[in-house]
Amino acid sequence: MKKNNKNISRRGFLKAVGAGTVTTTAIMTGCKPDNKVSATGGTIGEVPTDKMTYRTNPKDGSKVSLLGYGCMRWPLSKNANGEEEADQDAINELVDYAIAHGVNYFDSSPVYVRGWSETATGIALSRHPRDKYFVSTKMSNFRNRTFEEGVAMYRKSMKDFQVDYLDYYLLHMVGTSIEDFHARFIDNKLLDFLLKEREAGRIRNLGWSFHGTKEGFDYVLATDVKWDFCLIQLNYQDWKYATGMNVNAEYLYAELTKKEVPVMIMEPLLGGRLARVPVQALSLMTEVHPEDSAAKWAFRYAGSQENVLTVLSGMVYMEHLQENIRTYAPLETLNEQEYKVLQQVTDILINSDYIQCTECQYCMPCPYGIDIPQTFTHYNRCVSAGNILKSSNDEGYKKARREFLIGYDRRVDKLRQAAHCIECNECLSKCPQRIKITEELRRVDKYAEQLKQNIEF
């Protein structure tokens, strides 16, 4: 990991979020230095520094930025030995820009970015005054469930973030089963320990992130613990049509609101799919707002729910960060007509050919080297573009065939493509969306082979 000075002067900070940021953005997007460019290539105008929407934490009255920074997908670079590592310079720049434009919530986990996320985020944040940001991280004790290992993980998080208290701490990925909840947090007394840490002030807010069943959700919510918040998957498709290891967000949100538990949101873009909707869906949106991206619609939907404290976004690129800041600085809540448009968009999405992957990478690493998330991402991008062929007689067959195959080879190394999956099924239990991964890989491979061999279908 690249070394960086821990402290940053006011002059250095302004330089980092000023000229330095514009230069990086210009390189990434090919725009002029005085232009701001959206993720889809259109200009979005100036990015305000003083208009961020904040929500009030009812427990302590603190103001949390509606846009939260999800630190699961930080940019990577290669060191002198050709090995990948967290790109600390790029991370510092993104964090500096976010803080300068009102973002104050940063969410991580010991398992994110191959275990580098907490350290890299901690280096970037520690260069700013402690009262300028909220640290959120998780007890990700999926494998070793002993009390000792859990306490060690918790203390390491605090050390890696370079803090003596955590603003928000979550039991990670709770709700798969009641037995799992007891094994990870109750039987080993870890939850008792965390409650004492909250009482001592070293944890300011204690909550949990949900993936699982309705029964699992109801059970955890009904415990006698006074939960300070809960992180759920919420977006306009999952509101009524959740898939995999999830429950309709409409139900989750209503139950949490009844219990007066503030809501944090993950996957507002459903792994990026709601930023790349099919053409017919996008046309419905552009009829109402010609200049707005599909991503902006999704973020406005997530932020329009009143009991939401923050909406997490994993922003790897500066243009994504800038566009999301614009969306929430300030937020314009959806009106009745816009909700109706999104229902029509949802009808298109749930009847499409999408693989329900959110690119969370929990399935990785594959023991046989298959790049599962990138394989699915490429396929889904082709679905969004209307380039998945139903028949070799389809109009535009040659063009769609070429774009799929060339794009597949560019995005995924040939040795890591679906063709090399041996169906060991090790990935299945790791997927929060409960995707039948090996079946979907077989489907992608069959489609690719049909195109390669020019087989009629």
Side-chain angles (χ1 to χ4, degrees), residues 55 57-59 66 68 70 107 138 168 170-182 184-185 205-271 273-274 297-313 333-334 336 338-352 354 356-358 360 362 431-435:
R55 295 278 168 81
N57 181 332
K59 177 185 174 183
L66 187 54
D107 176 81
K138 306 173 181 73
Y168 293 85
L170 300 91
L171 313 187
H172 194 180
M173 205 164 158
V174 169
T176 55
S177 73
I178 294 169
E179 294 73 22
D180 178 77
F181 176 67
H182 273 264
R184 289 175 59 199
F185 301 110
N205 295 274
L206 182 62
W208 47 294
S209 67
F210 171 71
H211 284 292
T213 65
K214 179 178 176 294
E215 292 72 26
F217 175 85
D218 290 343
Y219 182 84
V220 178
L221 188 59
T223 60
D224 57 5
V225 176
K226 173 64 177 171
W227 299 111
D228 297 312
F229 67 104
C230 182
L231 176 64
I232 63 171
Q233 185 167 309
L234 186 153
N235 51 70
Y236 62 79
Q237 179 174 319
D238 280 329
W239 188 252
K240 287 181 182 291
Y241 303 101
T243 59
M245 197 164 66
N246 199 17
V247 175
N248 286 348
E250 180 181 35
Y251 176 81
L252 302 177
Y253 179 83
E255 291 302 302
L256 290 168
T257 302
K258 270 192 248 173
K259 293 270 190 179
E260 298 184 337
V261 177
V263 176
M264 308 288 197
I265 290 178
M266 57 181 157
E267 299 295 353
L269 294 181
L270 200 51
R273 271 180 285 136
L274 302 187
W297 278 81
F299 276 104
R300 286 182 61 210
Y301 181 92
S304 291
Q305 319 305 319
E306 291 182 3
N307 192 33
V308 168
L309 272 187
T310 197
V311 179
L312 299 179
S313 176
T333 56
L334 293 176
E336 189 177 346
E338 291 165 330
Y339 275 115
K340 286 178 180 175
V341 168
L342 288 181
Q343 181 54 59
Q344 291 176 286
V345 170
T346 302
D347 292 340
I348 293 170
L349 292 176
I350 62 175
N351 289 294
S352 74
Y354 277 119
Q356 301 297 313
C357 174
T358 64
C360 69
Y362 287 177
C431 177
Q433 307 304 322
R434 284 294 182 257
I435 299 168

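Quick note: residue numbers are just sequence positions, from 1.
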Trainee: Would you sort out whether F181 and T176 count as a side chain to side chain contact (heavy atoms under 4.5 Å, CB included), showing the intermediate values?
Mentor: CA-CA 8 Å; F181 176 67; T176 55; over 6 Å; no
Trainee: Is there a side-chain contact between Q237 and V345, using heavy atoms and a 4.5 Å cut-off?
Mentor: no
Trainee: Just jot down the side chain to side chain donor-acceptor pair (under 3.5 Å) partners of T223, sequence neighbours excluded, or say none.
Mentor: W227
Trainee: If you round to the nearest 0.5 Å, how far is CE of M173 from SG of C360?
Mentor: 7.5 Å
Trainee: I'd like to check the side chain to side chain contact (heavy atoms under 4.5 Å, CB included) partners of I348; sequence neighbours left out, ordered by chain and number.
Mentor: P278, Q280, A281, L284
Trainee: Distance check, rounded to the nearest 0.5 Å: L231 atom CG versus L309 atom CG?
Mentor: 11.0 Å
Trainee: Among all residues two or more places apart in sequence or in another chain, which pass the side chain to side chain contact (heavy atoms under 4.5 Å, CB included) test with K340?
Mentor: E336
Trainee: Are the side chain of T310 and the backbone of M264 linked by a donor-acceptor contact shorter than 3.5 Å?
Mentor: no
Trainee: If I take atom OG1 from residue T243 and atom CD1 from residue I435, how far apart are they, to the nearest 0.5 angstrom?
Mentor: 7.0 Å
Trainee: Sequence neighbours excluded, which residues qualify as side chain to side chain donor-acceptor pair (under 3.5 Å) partners of D218?
Mentor: K214, Y251
Trainee: When rounded to the nearest 0.5 angstrom, what distance separates NE2 in H211 from NE2 in H172?
Mentor: 6.5 Å
Trainee: Quick check: do F217 and L256 have side-chain heavy atoms less than 4.5 Å from each other?
Mentor: yes
Trainee: Are side-chain heavy atoms of L171 and V220 found at a separation under 4.5 Å?
Mentor: no
Trainee: Do W208 and L221 make a side-chain contact, defined as non-hydrogen atoms from C-beta onward lying under 4.5 Å apart?
Mentor: yes
Trainee: If you define the side chain from C-beta out and look only at heavy atoms, does anything of W239 sit under 4.5 Å from Q343?
Mentor: no
Trainee: Using every non-hydrogen atom in the two residues, find where R273 and C357 come nearest and quote the distance to one decimal.
Mentor: NE-O, 3.2 Å
Trainee: Might you point out which heavy atoms bring A298 and L274 nearest each other, and give the distance in Å?
Mentor: CB-CB, 4.1 Å
Trainee: Any idea which heavy atoms bring V308 and R55 closest together, and the distance?
Mentor: O-NH1, 2.8 Å
Trainee: For T257, give me all partners under side chain to side chain contact (heavy atoms under 4.5 Å, CB included), at least two apart in sequence or on another chain.
Mentor: Y253, N307
Trainee: Which salt bridge (charged side-chain N to carboxylate O under 4.0 Å, His left out) pairs, counting each pair once, include a residue from residues 172-181, with sequence neighbours left out?
Mentor: R145-D180, D180-R184
Trainee: My understanding is that only residues two or more places apart in sequence, or in another chain, count here; which of them pass ring-ring contact (aromatic ring centres under 6.0 Å, His included) with Y339?
Mentor: Y301
Trainee: Below 4.5 Å, heavy atoms only, C-beta onward: do L349 and L270 meet side chain to side chain?
Mentor: no
Trainee: Residues two or more places apart in sequence or in another chain: which of them pass side chain to side chain contact (heavy atoms under 4.5 Å, CB included) with K59?
Mentor: N57, R198, N205, D228
Trainee: Nearest 0.5 Å, what's the CD1-OH distance between I350 and Y241?
Mentor: 4.5 Å
Trainee: I'd like to check the ring-ring contact (aromatic ring centres under 6.0 Å, His included) partners of Y362; sequence neighbours left out, ordered by chain and number.
Mentor: none
Trainee: Could you tell me which residues satisfy ring-ring contact (aromatic ring centres under 6.0 Å, His included) with F229, sequence neighbours excluded, listed by chain and number?
Mentor: Y168
Trainee: Do E267 and N246 make a side-chain contact, defined as non-hydrogen atoms from C-beta onward lying under 4.5 Å apart?
Mentor: no
Trainee: Sort and list the pairs that fulfil salt bridge (charged side-chain N to carboxylate O under 4.0 Å, His left out) and have at least one residue in residues 230-246, not counting sequence neighbours.
Mentor: K240-E250
Trainee: Return the minimal non-hydrogen interatomic distance between A249 and L234, and the atom names on each side.
Mentor: CB-CG, 3.8 Å
Trainee: Return the set of residues passing side chain to side chain donor-acceptor pair (under 3.5 Å) with R300 (not counting sequence neighbours), or none when no residue passes.
Mentor: E338
Trainee: Would you find a donor on one side and an acceptor on the other, under 3.5 Å apart, between the side chain of N248 and the backbone of A242?
Mentor: yes
Trainee: May I ask you to test the V311-L66 pair for a side-chain heavy-atom distance under 4.5 Å?
Mentor: yes
Trainee: Can you tell me how far OG of S177 sits from CD of E215, rounded to the nearest 0.5 angstrom?
Mentor: 11.0 Å
